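A, B, ... follow the sequence lines: proteins, then strands. Residue 1 opens every chain. What you are looking at is a predicted structure, and each value in this text was computed from that prediction instead of being measured.
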There are 2 protein chains.
Amino acid sequence: MAAEMKRYEKLVHDIAAAIRSGVLASGEKLPSVRQACQDYKLSPATIFRAYYELENMGLIRAQPKSGYYVSNHAVKQLASTNVPAHEPESTAVSISDLVFSILGAIKDPGTVSLGSAFPWPALFPLERLSRSMAHATRGMGAAEIVESLPPGNHGLRRQIARRYLMCGIEADVDSIVITNGASEALNLCLEAMTKPGDLVAIESPAFYGCLQALERLQLKAVEIPVDPVQGLDLDCLQQMLEQRPIKACWCMTSFQNPMGVTMTAERKQALVALLTRHQVPLIEDDVYAELYFGMQEHRPAKAYDDEGYVMHCGSFSKSLAPGYRIGWVLLPQRFKREVERLKVITSLSTSTIAQAAIADFLQHGGYDRHLRKLRVRFEMQQHQYLHLIARYFPADTQVTRPHGGYFLWVALPDHVDTLQLFHQALQQGVSIAPGPIFSARHKYRHCMRINYSQPVDADVEQAFRTLGSLISAM
Amino acid sequence: MAAEMKRYEKLVHDIAAAIRSGVLASGEKLPSVRQACQDYKLSPATIFRAYYELENMGLIRAQPKSGYYVSNHAVKQLASTNVPAHEPESTAVSISDLVFSILGAIKDPGTVSLGSAFPWPALFPLERLSRSMAHATRGMGAAEIVESLPPGNHGLRRQIARRYLMCGIEADVDSIVITNGASEALNLCLEAMTKPGDLVAIESPAFYGCLQALERLQLKAVEIPVDPVQGLDLDCLQQMLEQRPIKACWCMTSFQNPMGVTMTAERKQALVALLTRHQVPLIEDDVYAELYFGMQEHRPAKAYDDEGYVMHCGSFSKSLAPGYRIGWVLLPQRFKREVERLKVITSLSTSTIAQAAIADFLQHGGYDRHLRKLRVRFEMQQHQYLHLIARYFPADTQVTRPHGGYFLWVALPDHVDTLQLFHQALQQGVSIAPGPIFSARHKYRHCMRINYSQPVDADVEQAFRTLGSLISAM
């Protein structure tokens, strides 16, 4: 639970957040330990521990006989773009060839997978999950196979409903449908809301899985710009809703993939109000929800869904059990029947045993304890990766500073071609996710997404060195 | 392995088959034990054991001081229909409401589920599977999560390829894609081969999952009659292929659901040749393949696929692990890329742990031993259920006698309405699968499918008594 965060962790988080946001500038001196004790009303041991962690994260450095200073390495934060008042065309999507050629190339286990979408698997309690699995299947009666048919395992749905309640969302257990990961949930929702040729509002840049889903269903993308600080451009969305017969909106309001940006509560609320006014369903992809930094989870747009237009898709693949393929969707009453039926038709049930194992783990396995460790780790690693970018990439590189998740969105100098960089880097054992796979119109050629879930070691450092020299040579 | 069948079991099977096919008629006397010893070159103990089993199956009865006789209960076998030389129209499919209202009604655990599509779960080695699961996940490295991405767990695909080899099909491990049950495999193949509005040749009657898939993808059904003895009407199919732009054919060549009929090897071969000539892909649903009676598996149409037009879909859900949701498709080279990509887009991976558990079980768990027991049981239960039908249903009821699987297709007198019967029976705690859910045009109103996988007990007998009186009252 967030409330269990230790004192020194809270201090680490607060100072790190201040450095991320620029409140504490590069080179600035931190208060002395004695001063900090007074300021924060904490013991010297707690302050020492916090400074020690911040130093490990590369965020501050100790200067002998002088004190602690904010490190100089801070890279430029990707600034709010001045979104041009252009009117996006709708686009028939054709992205799969590009995405598959890129994903196919990075399956080599020898590659440092900065381009991967998966969290680093060694960070997950696979042993403990396996015990949950054994425990759950031992007690499993034959009848559970039928009982786990859609909407899915009742115990699991109850646990999920309980987590919704923790962030203030009253979720009816029977409105939750368990799916084969969030991918299936998102695809089912999109398929249920549209027919071929329909227009769908999506983000730009967008998760390529969203682009592929549109391509599969022969839908047209209306790309709404995502600002690296504000998130989805609501003015542009409003304009499009007024002008075009948009049938659905698919977006991520927290820790957006690939940019990492999180919309404020006010903007989430405004998004829901806007879509509700136009009676357009929102397919909310919230798979990184549990990976927030600090004390406070970010409530999803679903929290403001008074009229029942939001389908909220979640997953355990990023936060607990990659490979188990358990996701879900929380459906408003009006869409429940259609989506649940589509689930039955396309893949019948979700693995009974995987459902039971996760239900067992949620009940007995210490999910919150695991999450707390994972969040602290990802926050620390983000700083380490920013440090590497500052060290090896050109000075005018701009990077986002997400408050959760495990992706950085890196804007390189304009002349850099990340598709070319992708191929060159792969030959040297490094993968990246090049910008154009995140756009229906193959934009963002000078951008890339970096996965920072792998703990930094000599291989990771070497990967950044390699990328750095390839970029310099361009 | 089939070769391990014991002598008495073989004799049981041979005599049962002779009774099923009418070679041994109702009331006919069986050879005495002494005579049988000479005829079959077996010991008296083996003959006694076999006769004992046949008596248990209700197939023969002992007449004191006289000998053994074929029981009188044999119900009429559903005869070859004289397929009218009509030209089927293509039909836009709208079956889901009907199917869902019926499936939804039978989830009550108090119901005797003769209408279920699932095999009776208590017949499966759930405990042993759970040990396989524990074993497999204990040894699972974090890297396996990525390695289990489509096409899927390599060990599992190797085991499946080995089973193909056992029935003479050389299956390249890399041409097998693991899916969330066969449902997903079939849906992916159909989606990859078609676009909305296309015509697809399907069986009549057909598995309702097939009808639902067509409805979902907005395809039109060209229904080809299935003869209860011969299987799919190849002349009709040929005519349709010549006259209509059919884009794919979906059918079951062995133990067809719901009729249970199996095409001969020659007819399977002819089917593949016909489709190949027209360059129309065959989506072969072969989920009951392992549930054959007797010594010899039935090779699928895929075995005759020299040119690479057959996508062969299989599953462990009917034969080993209901609820694990592991199926697969064996793809010819020409369709491999498209189907595999569609799998990645729609649901990404199949549960890593379920894949690993089944791979482990196939290697160590005694799959063939389990199958041998299951086949003998289903064969015995088929006879018991035929006995119940003969006892409680009207005399002019006709029934199929499948050589495998666990479904009977029952044709009641013409005036009986099985939709009405369904609702009446459900109120008395019995479910059936009414004929109209197996037809795009809601035909077969006097027919129903009966699942005979549940061992006969007082509840099952009472269910037949209930059905019998409801039918009589109509």
Side-chain angles (χ1 to χ4, degrees), chain A residues 96 100 103 107 109 113 116 118 120-124 126-127 129-131 133-134 136-138 140-149 179-181 183-184 187 191 195-196 209 212-213 215-216 218 317 321-326 337 341-342 344-354 357, chain B residues 96 100 103 107 109 113 116 118 120-124 126-127 129-131 133-134 136-138 140-149 179-181 183-184 187 191 195-196 209 212-213 215-216 218 317 321-326 337 341-342 344-354 357:
Chain A
S96 273
F100 278 102
L103 298 188
K107 273 179 102 176
S113 288
S116 169
F118 297 97
W120 185 247
L123 305 178
F124 293 88
L126 300 179
E127 278 282 335
L129 274 167
S130 154
R131 287 209 302 280
M133 171 71 73
T137 51
R138 241 195 330 272
M140 187 182 286
E144 281 207 41
I145 290 156
V146 174
E147 283 162 25
S148 291
L149 287 176
T179 55
N180 296 305
S183 304
E184 192 188 40
N187 269 274
E191 186 168 339
K195 53 181 201 312
Q212 290 176 306
E215 181 174 353
R216 174 176 79 93
Q218 297 167 54
S317 299
Y324 277 57
R325 305 301 305 141
I326 297 296
R337 203 179 87 134
R341 282 185 170 199
L342 209 50
V344 174
I345 294 171
T346 50
S347 70
L348 199 55
S349 169
T350 301
S351 174
T352 308
I353 48 167
Chain B
S96 273
F100 278 102
L103 298 188
K107 273 179 103 176
S113 289
S116 169
F118 297 97
W120 186 245
L123 306 178
F124 294 87
L126 299 179
E127 277 282 334
L129 274 166
S130 155
R131 288 210 301 281
M133 171 70 73
T137 50
R138 243 195 328 271
M140 187 181 287
E144 280 207 42
I145 290 156
V146 174
E147 282 162 26
S148 291
L149 287 176
T179 56
N180 296 305
S183 304
E184 192 189 39
N187 270 275
E191 186 168 339
K195 53 182 199 314
Q212 290 177 305
E215 182 174 352
R216 174 176 79 93
Q218 296 168 55
S317 299
Y324 278 56
R325 305 302 305 142
I326 298 295
R337 204 179 86 134
R341 282 185 170 200
L342 209 50
V344 175
I345 293 171
T346 50
S347 71
L348 198 55
S349 171
T350 301
S351 173
T352 308
I353 49 167

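- One distance of note links OG of B:S351 with CG of B:N180; it measures 8.0 Å at 0.5 Å rounding.
- In terms of heavy atoms, B:S183 sits closest to B:R325 at OG-NH2, 3.6 Å.
- Of the atoms belonging to B:L149, heavy atoms from both backbone and side chain fall under 4.5 Å from chain A.
- A:L123 does not touch chain B: none of its heavy atoms, backbone or side chain, sits under 4.5 Å away.
- B:T352 places a side-chain N or O within 3.5 Å of a backbone atom of A:G323 that can act as its donor or acceptor partner.
- The distance from the OG1 atom of A:T179 to the CD atom of A:E184 is 5.5 Å, given to the nearest 0.5 Å.
- Scanning all heavy atoms of the two residues, the minimum distance from A:A134 to B:A134 falls at CB-CB, 4.4 Å.
- Of the atoms belonging to B:Q218, it is side-chain heavy atoms, and not backbone ones, that fall under 4.5 Å from chain A.
- With rounding to the nearest 0.5 angstrom, the OG atom of A:S148 is 10.5 Å from the CD1 atom of A:I353.
- With respect to chain B, the highest number of heavy-atom pairs below 4.5 Å among A:A354, A:A213, A:S347 belongs to A:S347.
- Residue with the most contacts toward chain A among B:R341, B:Q212, B:E215: B:R341 (heavy-atom pairs, distance under 4.5 Å).
- Each of A:G181, A:S349, A:S130 has some count of heavy-atom pairs under 4.5 Å with chain B, and the biggest count is that of A:S349.
- If you tally non-hydrogen atom pairs under 4.5 Å between each of A:N187, A:T350, A:V344, A:T346 and chain B, the highest count goes to A:T346.
- With a threshold of 4.5 angstrom between heavy atoms, B:R131 does not approach chain A through any atom at all.
- Within the 4.5 angstrom heavy-atom criterion, atoms from both the backbone and the side chain of A:Y324 approach chain B.
- With a threshold of 4.5 angstrom between heavy atoms, A:P322 approaches chain B through its backbone and through its side chain.
- In this structure, A:E191 and A:R216 have side chains that are in contact, with non-hydrogen atoms separated by less than 4.5 Å.
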